[in-house]
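It should be emphasised that the depicted structure is a prediction, and the values quoted were computed from it without experimental measurement. Lettering follows sequence order; numbering is per chain, from 1.
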2 protein chains.
Amino acid sequence: MSVLNVDKFQPGLSVDCVILGFHHNELKILLLKLKDLERWALPGGFVEKEEDVDKAAVRILRERTGLKNIFLQQFHLFGNVDRNEEAYADILLEKGIVDKELYDWLDQRFVTVGYYALVEYSRVEAPTPDYFSESCEWCSLSNLPNLWLDHGRILEKAHETLKRQLNYQPIGLNLLPPRFTMPELQALYETILGKTLDRRNFQRKMMGYGILIRTGERRTGGAHKSPWLYEFDEEKYRQGLADGLNAGW
Amino acid sequence: MSVLNVDKFQPGLSVDCVILGFHHNELKILLLKLKDLERWALPGGFVEKEEDVDKAAVRILRERTGLKNIFLQQFHLFGNVDRNEEAYADILLEKGIVDKELYDWLDQRFVTVGYYALVEYSRVEAPTPDYFSESCEWCSLSNLPNLWLDHGRILEKAHETLKRQLNYQPIGLNLLPPRFTMPELQALYETILGKTLDRRNFQRKMMGYGILIRTGERRTGGAHKSPWLYEFDEEKYRQGLADGLNAGW
DNA sequence: CCAAAAGTGTTCTACCTACACCCATGG
DNA sequence: CCATGGGTGTAGGTAGAACACTTTTGG
């Protein structure tokens, strides 16, 4: 038996997670530095034979971040034949990181299901690398390292999906701390959308959704007027997720 | 070798297509009547080992309908373990429709990728059943037969996706005949959305998108005022598909 | 007291909604 | 000629965009 018991996995099927956090007004993504290769990969894994694909994504997220009960959404299946072209398994075999059995497993064609998760940056205490990687770190979306295979494309697609969903779904819960200011929420939107928004219109629009509660407190210590602290009305937030915010038509 | 050479297919992976057409002001879906079972299935198939998943979907659509160059969109992967529960393969083996090799192939766990296609009803001349089905027919969405496995759920998800996409994507090309009237287009929207829309506002909104061209001609023969015939400005239509119609934010 | 950030209000416009009205056609 | 469906116009409301103004805070 290899270091990984490949028999328990569904062949040819993998899951990759785009795990996004928000820190210092920047979108961060959790990436794995592959062993003996100057490339980084999305946290991913295989699907057990008796495991739902959605459950596998949840498990992988938990294994890397320790987090549970996180908003995790499937967004696309990547199924091109040529997506596995890179000969990384050869290097792994050469270096003795994998044995022949695992090599053969890795060498097959894989299709991968992309999931994205929005997590609170500070709640991820010790990101854990997997067997194929030497470290697991937050990287800035604006300054990405060299990504493995089609992982750049997967990330791009996740980002597109996220942008579109911003139009009809609430966002921020599990991405921001439990209490946050309106400028912080706005900065999140601006970062995801890649453009600036009007402060005052943003405030009105967000309040109009009815998913925010203004707590009585303010964030003090900043160099200027202290902003109010808000929290999500989780009940209404979930309803917004389910029903959509801007129905249209 | 079986009737199907299963060796050439990627194990555990299938594609199912929700093929929608529009006829007599009703949405129709192309379904297969399974042999020796009072159940119907979505047109589907397996993915060849050297074939992109998207290409497989195109191939399956072509095999059933003869159509090419159709709007075909992946919308979800269905990956629960329990989705294959039904013991249909047992019946097929019993009746001698499949041999042991094919039986074993069918008996494995499958995850399936859902695609939906919008096609012009009248252009599908002779829908062709596959090896497992005895007929291939258009069924009315409002009066569905008993569906196999989770195909009802897959259809539902396709319909949800379609409804949402109506808010930011044009629709109608390849679903309506090349020339159509505004009431016909409206009927399509109403059918998909499951609600009535205001005639006059609909017209203004659609014209506002700039994807329609009013031809000089009218449809005569109807019992009342003859409506104008329109066609899509395919250039702008495609641009609308790519960029979205209502960007939002 | 000043600069900069945060909160609130106002105007203008565009679009959506809900209608009223006119025109064509076949029976 | 009339019932019905199709085409066009218009008034009111609502929401988004683009503003100005006030308030608070640390330095």
Grab the N/O contacts between the protein and nucleotides 2-4 of chain D below 3.5 Å, and write none if there aren't any.
{"from": "D:dT4", "atom 1": "O2", "to": "B:H224", "atom 2": "ND1", "distance (Å)": "2.7"}

Figure out the [atom1]/[atom2] separation between [X] and [N], and round it to whole Å.
X	N	atom1	atom2	answer
A:L245	D:dA15	CG	P	14 Å
B:L185	D:dG6	CG	C1'	15 Å
A:R218	D:dG26	CZ	P	12 Å
B:K205	C:dC15	NZ	C1'	9 Å
A:M206	C:dA6	CE	P	16 Å
A:F202	D:dA18	CZ	P	16 Å
B:M207	C:dC16	CE	C1'	18 Å
A:K195	D:dG16	NZ	P	14 Å

Atom pairs, N/O to N/O, protein against nucleotides 9-11 of chain C, distance under 3.5 Å?
{"from": "C:dT10", "atom 1": "O4", "to": "A:R204", "atom 2": "NH1", "distance (Å)": "3.4"}

With sequence neighbours left out, what residues match [X] under side chain to side chain contact (heavy atoms under 4.5 Å, CB included)?
X	answer
A:T220	A:S226
B:W228	B:R214, B:R218, B:Y230
A:S122	A:E120
A:Q186	A:E190, A:L197, A:R199, A:F202

Next on the checklist: Enumerate the side chain to side chain donor-acceptor pair (under 3.5 Å) contacts for residues 149-160 of chain B, please, sequence neighbours excluded, ordered by first and then second residue.
Outcome noted: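 Qualifying pairs: B:R83-B:D150.
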
Next on the checklist: Please enumerate all residues that pass ring-ring contact (aromatic ring centres under 6.0 Å, His included) together with B:Y237, with sequence neighbours excluded.
Outcome noted: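 So B:Y237 forms a ring-ring contact (aromatic ring centres under 6.0 Å, His included) with B:F232.
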
Partners of [X] by side-chain hydrogen bond (donor to acceptor under 3.5 Å, both in side chains), sequence neighbours excluded?
X	value
B:T181	none
B:R123	none
A:N25	none

Checklist entry - Are any of the side-chain heavy atoms of A:D16 and A:Y115 separated by less than 4.5 Å? => result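 A side-chain contact is absent here, since even the closest heavy-atom pair is not under 4.5 Å.
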
Item to check | Between B:E26 and B:S142: side-chain donor-acceptor atoms closer than 3.5 Å | outcome: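 Checked: B:E26/B:S142 side chains pair up, N/O donor to acceptor below 3.5 Å.
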
Check the phosphate of [N] against [X], side-chain N and O only, distance under 4.0 Å to OP1 or OP2. Yes or no?
X	N	answer
B:R214	D:dT8	yes
A:Q203	C:dT8	yes
A:S226	D:dT24	no

Checklist entry - So, B:K33 side chain and B:L37 main chain: donor-acceptor pair closer than 3.5 Å or not? => result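 Yes; at least one donor-acceptor contact below 3.5 Å.
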
Next on the checklist: Can you identify which nucleotide, out of C:dT8, D:dG16, D:dG6, has its nearest atom closest to the B:P183 side chain?
Outcome noted: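 Nearest to the side chain of B:P183 among the choices is D:dG6.
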
Next on the checklist: Need to verify one output field. Residue with the more 5' nearest nucleotide on DNA chain D, A:T220 or A:R199?
Outcome noted: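 Nearer the 5' end of the strand: A:R199.
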
Checklist entry - What is the nucleic acid contact for B:G222, judged by heavy atoms within less than 4.0 Å: base, sugar-phosphate only, or nothing? => result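 Here B:G222 touches the backbone only, sparing every base.
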
Checklist entry - So what is the end-to-end bend of the helix from C:dC1-D:dG27 to C:dG27-D:dC1, with 5 pairs used at each end and the value given to 10 degrees? => result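 Taking the rotation axis at each end, their angle is 0°.
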
